[in-house]
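First comes the structure, then the notes that go with it.
Because the structure is a prediction, the values reported are computed rather than measured. Note: hydrogens, waters and symmetry copies are ignored here, and every other heavy atom, side chains too, is used.
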Amino acid sequence: MAAARRVLRWVVAAAAAVAAALALDNGLARTPPMGWLHWERFLCGTDCAADPHRCVSEQLFVEMADRMVAEGWRDAGYEFICIDDCWMAPTRDRQGRLRADPKRFPGGIRKLADYVHSKGLKLGIYSDVGNKTCAGFPGSYDHYDLDAQTFASWGVDLLKFDGCNSDSLELLAEGYRRMSLALNKTGRSIVYSCEWPFYLRPVQQPNYTEIKQYCNQWRNFYDVYDSWSSIKSILDWTALHQDTIVKIAGPGGWNDPDMLVIGNFGLSWDQSVTQMAMWAIMAAPLFMSNDLRHISPEAKGLLQNKEVIAINQDPLGKQGYQLVKDKNFQLWERPLSGRAYAVAVLNHQEIGGPQNFTFFLTFLGNGLACNPACSVRQVLPASRDWGIYSWISSLSVEVNPTGTVLLKVLAL
């Protein structure tokens, strides 16, 4: 009997290992995914009669898809157009399947997916691990396989899976695992975006090794708001926890600091530069939440900046980290392919004018980033070459309050 129990335990453990391996190896998100997501800008607007241009509807996503193609967003790398919460009808259909609100999505999600695909884009959708979504629409609890099959049948390419309204941490974790396996079982390539660690953190430390076995990207912190205080809190949290989270990120699985709010109302130009630069340093998924129908040329140029996107999408896939923080400045670096480093100098003062930060190049890359020499190029806030420096050189960088200077350092 004891031998039989040992065999049974081995079989269960082996099955779990096989399941985890299957969930991990979906071959997706080898670089941080990029796209557009409706939530921060458009929230849960459902009254299309009163506000037809800003409600969560088929029309909104069709218009954004059109803009993404016509105005260079797709060509810049933003390939996903993603529906967040509030797309659903209040109840499932008679077969127990999720369905789109019939008034706001008259053609259904399959028709919308076909349209998005016809534009060379991919469609993302939203659900929740619990009984209800965060906004109170039907959740996926006890329907994981059915919902995964439904999403695949519609041609969905990404699932954002929230963590509201789960009865326990055990059910939360089980739900995230089960949906990962259910998505893989469909045979369709669907990027899996989780909020698993965020909902664990108030009670227990997330097991990031396990989370990466099931998810392609994961949220750790509160929703981003259209404000400098929100951006600052995300960066502070990331630096505080970098010893835990940086090492786990890489091709196939990324820490997600949430949406880009550039082009909205709450950030100054320098703060917008900081968000774009720091999301590149953090190897973050780049999901804009703004109105592409009404965006300034400056914001568009920043979001489509090829050099910054190349840093974000660097194939080495290493997340950056904070090296130094003093009363006025932060110095961050990110290892890149080809013996290069991205370097960010952030002035976190909110008073006064531009200030200079000076540091030795030996600080970078454990002394190897500029050994024996290196070229330095400024990427943001404007692109320009700084020339060649030796290993023993120092750099002096002038940075506006709440702004960031992003550099690329290449060893010679």
Side-chain angles (χ1 to χ4, degrees), residues 39-41 198 219-243 245-246 255-284 286-291 295-303 305 308 311-312 319-334 342-360 363-364 378-384 386 394-408:
W39 184 255
E40 194 285 326
R41 180 62 184 262
F198 171 67
R219 286 273 307 284
N220 296 304
F221 193 60
Y222 296 103
D223 285 3
V224 71
Y225 279 64
D226 187 15
S227 73
W228 173 239
S229 63
S230 177
I231 302 301
K232 196 168 52 168
S233 67
I234 290 168
L235 294 175
D236 288 346
W237 186 94
T238 301
L240 182 65
H241 295 88
Q242 65 183 14
D243 289 348
I245 67 170
V246 166
N255 291 297
D256 179 9
D258 211 7
M259 296 161 276
L260 295 165
V261 295
I262 297 162
N264 290 326
F265 308 98
L267 302 185
S268 70
W269 171 250
D270 286 296
Q271 292 159 4
S272 297
V273 168
T274 291
Q275 190 185 25
M276 192 69 184
M278 296 309 300
W279 264 234
I281 288 283
M282 293 188 292
L286 299 182
F287 283 88
M288 308 175 289
S289 190
N290 48 23
D291 191 341
I295 190 166
S296 71
E298 294 79 14
K300 178 181 176 183
L302 177 59
L303 287 162
N305 185 300
V308 185
I311 290 171
N312 175 266
Q319 181 171 334
Y321 39 84
Q322 187 185 89
L323 289 173
V324 175
K325 182 178 181 180
D326 65 19
K327 65 178 182 178
N328 297 331
F329 287 96
Q330 299 176 32
L331 177 66
W332 294 63
E333 73 174 11
R334 178 184 172 187
V343 178
V345 182
L346 193 167
N347 178 355
H348 53 79
Q349 288 191 107
E350 299 182 32
I351 191 170
Q355 298 288 328
N356 279 81
F357 179 72
T358 301
F359 62 96
F360 286 99
F363 275 22
L364 304 178
Q378 180 179 300
V379 177
L380 287 175
S383 179
R384 63 185 180 93
W386 281 22
S394 62
L395 283 184
S396 185
V397 184
E398 183 181 88
V399 193
N400 292 342
T402 69
T404 296
V405 170
L406 180 64
L407 306 170
K408 185 174 181 181

### Message
Please determine whether side chain to side chain contact (heavy atoms under 4.5 Å, CB included) holds for the pair W279 and I311, giving the CA-CA distance in whole Å, both sets of side-chain angles, and the decisive distance to 0.1 Å.
### Response
CA-CA 10 Å; W279 264 234; I311 290 171; over 6 Å; no
### Message
Does H348 form a side chain to side chain contact (heavy atoms under 4.5 Å, CB included) with K325? I'd like the steps, not just the answer.
### Response
CA-CA 10 Å; H348 53 79; K325 182 178 181 180; 4.1 Å; yes
### Message
With side chain to side chain contact (heavy atoms under 4.5 Å, CB included) as the criterion, how do L303 and N290 come out once you've worked through the C-alpha distance, each side chain's angles and the decisive distance to 0.1 Å?
### Response
CA-CA 11 Å; L303 287 162; N290 48 23; 3.6 Å; yes
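Using a 4.5 Å cut-off on side-chain heavy atoms (C-beta onward), N347 and D270 make no contact. Side-chain atoms of I245 and W237, non-hydrogen and from C-beta on, do get closer than 4.5 Å to each other. L260 is listed as a side-chain neighbour of L286, based on a closest heavy-atom distance under 4.5 Å. Taking 4.5 Å as the limit, some side-chain heavy atom of F359 sits within range of a side-chain heavy atom of V345. Looking at D236 and Q330, their side chains come closer than 4.5 Å, going by heavy atoms from C-beta outward. The shortest side-chain heavy-atom distance between V397 and W386 falls under the 4.5 Å cut-off. Inter-residue side-chain proximity for Y225 and I234 is flagged as unmet; no heavy-atom pair is nearer than 4.5 Å. The shortest distance between side-chain heavy atoms of E40 and D223 does not fall below 4.5 Å.
A pairwise comparison of heavy atoms in N264 and D291 identifies OD1-N, 4.2 Å as the closest pair. Contact detail for T358 and S396: the closest heavy-atom pair is OG1-OG, 3.2 Å. Taking every heavy atom of both residues into account, F363 and E333 meet most closely at O-OE1, 4.5 Å. Smallest separation of non-hydrogen atoms from N400 and P354: OD1-CG, 3.2 Å. In terms of heavy-atom proximity, L267 sits nearest to S227 at CD2-C, 3.5 Å. Nearest heavy-atom pair, P381 versus Q378, reported as atom, atom and distance to 0.1 Å: CD-NE2, 3.8 Å.
With rounding to the nearest 0.5 Å, the separation of OG1 in T274 from CH2 in W269 is 11.0 Å. Here the straight-line distance linking atom NZ of K300 with atom CD1 of I295 works out to 8.5 Å at 0.5 Å rounding. Between the CE atom in M259 and the CE atom in M288 there is a gap of 12.5 Å [rounded to 0.5 Å]. Separating the CD atom in Q271 from the NZ atom in K232 is a distance of 9.0 Å, to the nearest 0.5 Å. Considering CG of L346 and CG of N328, their distance stands at 11.5 Å, rounded to 0.5 Å. Taking CG of L364 as the start and CG of L395 as the end, the distance is 7.5 Å to the nearest 0.5 Å.
The 12-atom threshold is exceeded at OH of Y321, counting heavy atoms of other residues, nucleotides or ligands nearer than 6.0 Å.
Applying side chain to side chain contact (heavy atoms under 4.5 Å, CB included) to M276 and the options L406, L302, I281 leaves one that passes, L302. Applying the side-chain hydrogen bond (donor to acceptor under 3.5 Å, both in side chains) test between N220 and each of D258, D256, N255 identifies N255 as the sole match. Checked against V246 for a side chain to side chain contact (heavy atoms under 4.5 Å, CB included), the options Q319, M282, Q322, R334 give a single hit: Q319.
The aromatic rings of F357 and F329 sit tilted, their planes meeting at an angle between 30° and 60°.
Judged purely by atom type and a 3.5 angstrom limit, S383 has no side-chain atom pairing as donor or acceptor with the backbone of V379. With hydrogens and angles ignored, the 3.5 Å screen pairs no side-chain donor or acceptor of T402 with any backbone N or O of E350.
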